[in-house]
Amino acid sequence: MARIALVTGGMGGLGEAVCMKLAALGYQVVTTYSPGNTKSPEWLAEMEEQGYKFHAFPCDVSDYDSAQDCIARITKELGPVDVLVNNAGITRDMTFKKMDKTNWDAVIKTNLDSVFNMTKPVCDGMTERGWGRIINISSVNGQKGAFGQTNYSAAKAGMHGFTKALALEVARKGVTVNTISPGYIGTKMVMAIPQEVLDTKIIPQIPMARLGKPEEVAGLVAYLASDEAAFLTGANIAINGGQHMY
Ligand code: NDP
């Protein structure tokens, strides 16, 4: 039976590439979308036209109960989750001077609380079955900090603390936990930045002088999800074209 891979936020720029890659490798791919997202049937149909048969469930990853309900439905309708990719995330950028509690809370809840909310209902099953992969999509800005992103940098750095601690707890049970920290990837979100800003401010920070491709991050996710990556756990893997080395 195909392993089940759940990718949160799979209808977004990076998530879609991850869904496609895992499906191409034979996983049964499930994704989530925000309860308010009305484009899910359209996206599923578009993917089906391209030959991908994905399952999608509504889930507010920032809400504990919504996450538990979502995993319960997936488990009942399809089976237990073998690979969890915590990919859903948001930004609410502003300087700390302007940062209010609402924008702090939204980013912490969606990027960090979500990792607890989604991992909690799948982790015990993975350890009981003796196999599992938890892959947390963080950011270069969680590693180096970024102007206007105290909320996002804190959440993304917090993700890796979670990764390291949980990796220790489940290491003997066949479950690995890792973080991926992408730099600037050419998703719709980044491509919406004016070309002039990309050319003068962003690309010059990247030694490879280009944006990353979603498929490049997806390839790394696929490797971490594989049996070959069984000895790799608790790592934070940078994929940023040389923008930040540590
Ligand atoms: P997108 O904005 O394209 O996608 C984000 C996804 O997250 C959407 O599918 C969205 O679903 C989902 N999402 C947001 N809030 C919630 C919520 N409360 N509950 C459920 N789903 C939610 O972003 P990217 O694909 O670019 O980013 C994916 C991940 O990669 C994020 O964690 C981001 O921080 C990280 N990242 C991205 C980089 C980049 O350059 N693009 C660089 C470094 C890290 P919906 O539309 O249904 O709300």
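Indexing begins at 1, ligand by ligand and atom by atom, following the structure's order. Since this is a predicted model, take the numbers as computed values, not measurements.
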K.L.:
Do S181 and N236 have a side chain donor and acceptor closer than 3.5 Å?
P.N.:
yes
K.L.:
Report yes if V190 has an N/O atom closer than 3.5 Å to an N/O atom of ligand 1; otherwise report no.
P.N.:
no
K.L.:
Is a side-chain donor-acceptor pair under 3.5 Å present for Y223 with E228?
P.N.:
no
K.L.:
Taking N or O atoms only and a 3.5 Å limit, does Y33 qualify as a polar contact for ligand 1?
P.N.:
no
K.L.:
List every atom of ligand 1 that sits less than 4.0 Å from any heavy atom of G9, numbering the atoms from 1 in the order shown and giving each element.
P.N.:
6 (C), 7 (O), 9 (O), 12 (C)
K.L.:
Determine whether the side chains of S138 and N136 contain a donor N or O and an acceptor N or O closer than 3.5 Å.
P.N.:
no
K.L.:
Inspect the surroundings of NZ in K21 and state if more than 12 heavy atoms from other residues, nucleotides or ligands are less than 6.0 Å away.
P.N.:
no
K.L.:
Hey, any chance I4 and I135 share a hydrophobic cluster, counting ILVMFWY side chains that come within less than 4.5 Å of each other, even indirectly?
P.N.:
no
K.L.:
N/O to N/O below 3.5 Å, does that happen between N87 and ligand 1?
P.N.:
yes
K.L.:
Looking only at protein heavy atoms, identify the closest one to atom 18 (N) of ligand 1 and say how far it is in Å.
P.N.:
D60 OD1, 2.9 Å
K.L.:
Is a donor from one side chain sitting under 3.5 angstrom from an acceptor on the other, for Q28 and H55?
P.N.:
yes
K.L.:
In the protein, what heavy atom is nearest to atom 26 (O) of ligand 1, and what distance, to one decimal place, separates them?
P.N.:
T187 OG1, 3.3 Å
K.L.:
Do N178 side-chain atoms and L232 backbone N/O form a donor-acceptor pair below 3.5 Å?
P.N.:
yes
K.L.:
Below 3.5 Å, N or O to N or O, backbone or side chain included: is there any such pair between I185 and ligand 1?
P.N.:
yes
K.L.:
Evaluate S34 for polar contact with ligand 1, using N/O atom pairs at a separation under 3.5 Å.
P.N.:
yes
K.L.:
Regarding D82 and R129, does a basic nitrogen lie under 4.0 Å from an acidic carboxylate oxygen?
P.N.:
yes
K.L.:
If hydrogens are left out, which of C59, S66, A88 has an atom nearest to atom 20 (C) of ligand 1, that is, the closest non-hydrogen atom?
P.N.:
C59
K.L.:
Would you kindly specify which portion of K156 sits under 4.0 Å from ligand 1, judged on non-hydrogen atoms: side chain, backbone, both or neither?
P.N.:
side chain
K.L.:
Examine Y152 against ligand 1 and note whether any of their N/O atoms are separated by less than 3.5 Å.
P.N.:
yes
K.L.:
Show which atoms of ligand 1 fall inside a sub-4.0 Å distance from at least one heavy-atom site of G183.
P.N.:
40 (O), 42 (C), 43 (C)
K.L.:
Mind checking whether S138 has a heavy atom under 4.0 Å from ligand 1?
P.N.:
yes
K.L.:
Show the numbers, then the answer: is there a salt bridge (charged side-chain N to carboxylate O under 4.0 Å, His left out) between E216 and R210?
P.N.:
CA-CA 13 Å; E216 290 170 327; R210 67 169 177 89; 2.9 Å; yes
K.L.:
Are more than 12 heavy atoms from other residues, nucleotides or ligands located less than 6.0 Å from atom CD of E196?
P.N.:
no
K.L.:
Determine the minimum heavy-atom distance between I180 and P182, stating which atoms define it.
P.N.:
O-CD, 3.3 Å
K.L.:
What are the atoms of ligand 1, with element, lying closer than 4.0 Å to any heavy atom of Y184?
P.N.:
40 (O)
K.L.:
Can you tell me the protein heavy atom closest to atom 3 (O) of ligand 1 and the distance?
P.N.:
G13 N, 2.9 Å
K.L.:
For atom 43 (C) of ligand 1, what is the nearest protein heavy atom, given as residue, atom name and distance?
P.N.:
P182 O, 3.3 Å
K.L.:
Any luck finding a side-chain donor-acceptor pair between H160 and T179 under 3.5 Å?
P.N.:
yes
K.L.:
Are side-chain N/O atoms of D227 and W131 paired as donor and acceptor at under 3.5 Å?
P.N.:
yes
K.L.:
Check if E16 has a non-hydrogen atom at a distance under 4.0 Å from any atom of ligand 1.
P.N.:
no
K.L.:
Look only at interatomic distance and state if V61 has a nitrogen or oxygen under 3.5 Å from any nitrogen or oxygen of ligand 1.
P.N.:
yes
K.L.:
Are the aromatic rings of W43 and F54 close, with centres under 6.0 Å apart?
P.N.:
yes
K.L.:
Of the protein's non-hydrogen atoms, which lies at the shortest distance from atom 14 (C) of ligand 1, and what is that distance?
P.N.:
I90 CG2, 3.7 Å
K.L.:
Nearest protein heavy atom to atom 4 (O) of ligand 1, by residue and atom, and its distance?
P.N.:
G12 CA, 3.5 Å
K.L.:
What is the closest protein heavy atom to atom 5 (C) of ligand 1, and at what distance does it sit?
P.N.:
G89 O, 3.7 Å
K.L.:
Using distance alone, determine whether N111 and ligand 1 share an N or O pair under 3.5 Å.
P.N.:
no
K.L.:
Tell me, which protein residue and heavy-atom name are nearest atom 47 (O) of ligand 1, and how many Å apart are they?
P.N.:
N37 ND2, 2.7 Å
K.L.:
Is the shortest side-chain N to carboxylate O distance from K101 to D105 below 4.0 Å?
P.N.:
yes
K.L.:
Can an N or O of T110 be found at a distance shorter than 3.5 Å from an N or O of ligand 1?
P.N.:
no
K.L.:
Flag L14 as yes when one of its N or O atoms lies below 3.5 Å from any N or O atom of ligand 1, and as no otherwise.
P.N.:
yes
